[in-house]
2 protein chains.
Amino acid sequence: MSQRLSSTPTPPREIELWFDFASNYSYLSVMRIGQAAAEADVSVRWQPFMLGPVFERLGWSGAPFVVQKEKGAYVKRDMERLCAKYGLPWRWPSAFPRRALLPMRVAAFAAGEPWMGAWCREIMQMNFAEDREIDSPEAVREALNRLDLPAGEIVAAALSDEHRAKLRTQTATAIERGIFGAPTFFVGNEMFWGNDRLEDAIAWAAGRTSA
Amino acid sequence: MSQRLSSTPTPPREIELWFDFASNYSYLSVMRIGQAAAEADVSVRWQPFMLGPVFERLGWSGAPFVVQKEKGAYVKRDMERLCAKYGLPWRWPSAFPRRALLPMRVAAFAAGEPWMGAWCREIMQMNFAEDREIDSPEAVREALNRLDLPAGEIVAAALSDEHRAKLRTQTATAIERGIFGAPTFFVGNEMFWGNDRLEDAIAWAAGRTSA
């Protein structure tokens, strides 16, 4: 039990976060990953993708928490408790899962930008703390403006022929890599599913895992 | 965020563990709960139930890890990593989910006995560490004998008219309480799903939760 199961000789010190703005458990990880990764000296690679097509491909007719009422009832309570534990604001969105195509396109465009983390937290906060619509051009521009970013320019770039296909490519890659839910973390080829695995994934990236 | 969401004035200091011997994540909690609860001065109420009928009632054709190949592949890796982290022995069973009706009946009969925890760990170890069949009278007798218990007497009692319906009653109660997977913990009416919530559930039982 003392050997690393992974054959990677040196830890990558990078964690990929695969997420969708509509996903409530993604909300938890988007809000937490910046600090948790920084404390472990691990960098974050943001990987937005659309969860809907992934569920469809798995033969599910929609979000499991909507389709299965027992699980849905539980998840609402689980989110209340987890947000209280993490000190995060929380309100179950009046529209769930909320349409998020435009902010997701901006995220796919901006994934490598230094403001990507702040952008993701801003949109997640609107969806899951303020219960606000996030898919309109107005909402997206407002969020970008709050970050002192050139909103018009960014939205135009995200929707341009050059960049608008990026989100679709991300989603196809998610499917290829075997992703079946969000959030999902990758550290090299090691996959970790769910907000509950954030700490384990970061420990893996930092080489602190004895497994 | 500093108030308890629960209206319970004093913590119950008791945690219920709802589990099935065939469930791999139940294995983790069955092996861990004794020490974790003792350290928090919380007592454990063992609640065996049959997960199969619960899945059927939810319209699932079998264990999600068997039905969905993406999730199944992930779960195998997840179990390896978690067992390494917890220091637990692990082998993916050659039969999954393994038939466990007889040892489950013994568990339903013995739920209040002082040897219940040891019994559950013994059967779980046979299934998930030794990859052994657990549903035969021979396997069950052997496990009871290893615990220095009167095997013949216990099996006869578990199968008697007086006790054999207990497992069915447990499963019906699990469904009534909204259980949709295993392990599930209850602390009073607070439900926690999954081995990942063991620590949160114990903290809740001990009154250490600020939520």
Side-chain angles (χ1 to χ4, degrees), chain A residues 1-6 25 54-55 57-61 64-65 67-90 174-181 184 186-187 189-201 203-204 208-211, chain B residues 1-6 25 54-55 57-61 64-65 67-90 174-181 184 186-187 189-201 203-204 208-211:
Chain A
M1 287 299 160
S2 61
Q3 282 181 300
R4 268 181 82 86
L5 293 169
S6 164
Y25 287 108
V54 172
F55 285 161
R57 199 174 158 280
L58 293 168
W60 303 342
S61 50
F65 312 151
V67 175
Q68 300 155 12
K69 75 174 171 47
E70 287 84 357
K71 197 173 275 191
Y74 171 75
V75 164
K76 290 187 180 180
R77 181 66 180 140
D78 193 44
M79 288 298 299
E80 288 176 358
R81 286 192 309 238
L82 289 173
C83 287
K85 179 168 94 166
Y86 296 138
L88 291 173
W90 172 251
I175 290 171
E176 272 165 36
R177 294 186 75 177
I179 285 176
F180 52 84
T184 292
F186 273 98
V187 178
N189 287 322
E190 285 288 324
M191 182 167 108
F192 298 82
W193 171 46
N195 172 71
D196 294 323
R197 292 286 174 282
L198 173 59
E199 283 73 17
D200 285 356
W204 196 276
R208 281 191 276 104
T209 306
S210 63
Chain B
M1 288 295 162
S2 61
Q3 283 181 298
R4 269 179 83 85
L5 292 170
S6 164
Y25 287 108
V54 172
F55 284 161
R57 199 173 158 281
L58 293 169
W60 303 343
S61 51
F65 311 151
V67 176
Q68 299 155 13
K69 75 173 170 50
E70 286 84 358
K71 197 174 275 190
Y74 171 75
V75 164
K76 290 188 180 179
R77 182 66 181 140
D78 193 43
M79 289 298 299
E80 288 176 358
R81 286 191 308 237
L82 290 173
C83 287
K85 180 168 93 166
Y86 297 138
L88 290 173
W90 173 249
I175 290 171
E176 271 167 34
R177 293 184 77 175
I179 285 176
F180 52 84
T184 293
F186 273 98
V187 178
N189 287 323
E190 285 288 324
M191 182 166 108
F192 298 82
W193 172 48
N195 172 71
D196 295 322
R197 293 287 175 279
L198 173 59
E199 283 73 17
D200 286 355
W204 196 275
R208 281 190 276 104
T209 306
S210 63

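Heavy atoms only: backbone and side chains are in, while hydrogens, waters and symmetry mates are out. So you know, we letter chains A, B, ... as the sequences are listed, proteins then strands, and number each from 1.
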ask   = Considering only heavy atoms, which portion of B:Q68 lies under 4.5 Å from any heavy atom of chain A: side chain, backbone, both, or neither?
value = side chain

message = If I measure from the heavy atoms of chain A, does B:R177 come under 4.5 Å with its side chain, its backbone, both, or neither?
response = neither

Interchain contact, A:L82 with chain B, by part (heavy-atom threshold 4.5 Å) = side chain

ask   = Is the shortest side-chain N to carboxylate O distance from A:D200 to B:K85 below 4.0 Å?
value = yes

request  = Starting at CH2 of A:W204, measure out to CZ of B:R81 and round the result to the nearest 0.5 Å.
outcome  = 6.5 Å

query = Would B:E70 and A:M191 satisfy side-chain contact (heavy atoms from CB on, under 4.5 Å), going step by step from the backbone distance to the final call?
reply = CA-CA 12 Å; B:E70 286 84 358; A:M191 182 167 108; over 6 Å; no

task = Write down the atom of A:F180, the atom of B:Y74, and the distance for their closest heavy-atom approach.
result = CE2-CB, 3.5 Å

ask   = Got A:L58 and B:K71 here, is their nearest side-chain heavy-atom distance under 4.5 Å?
value = no

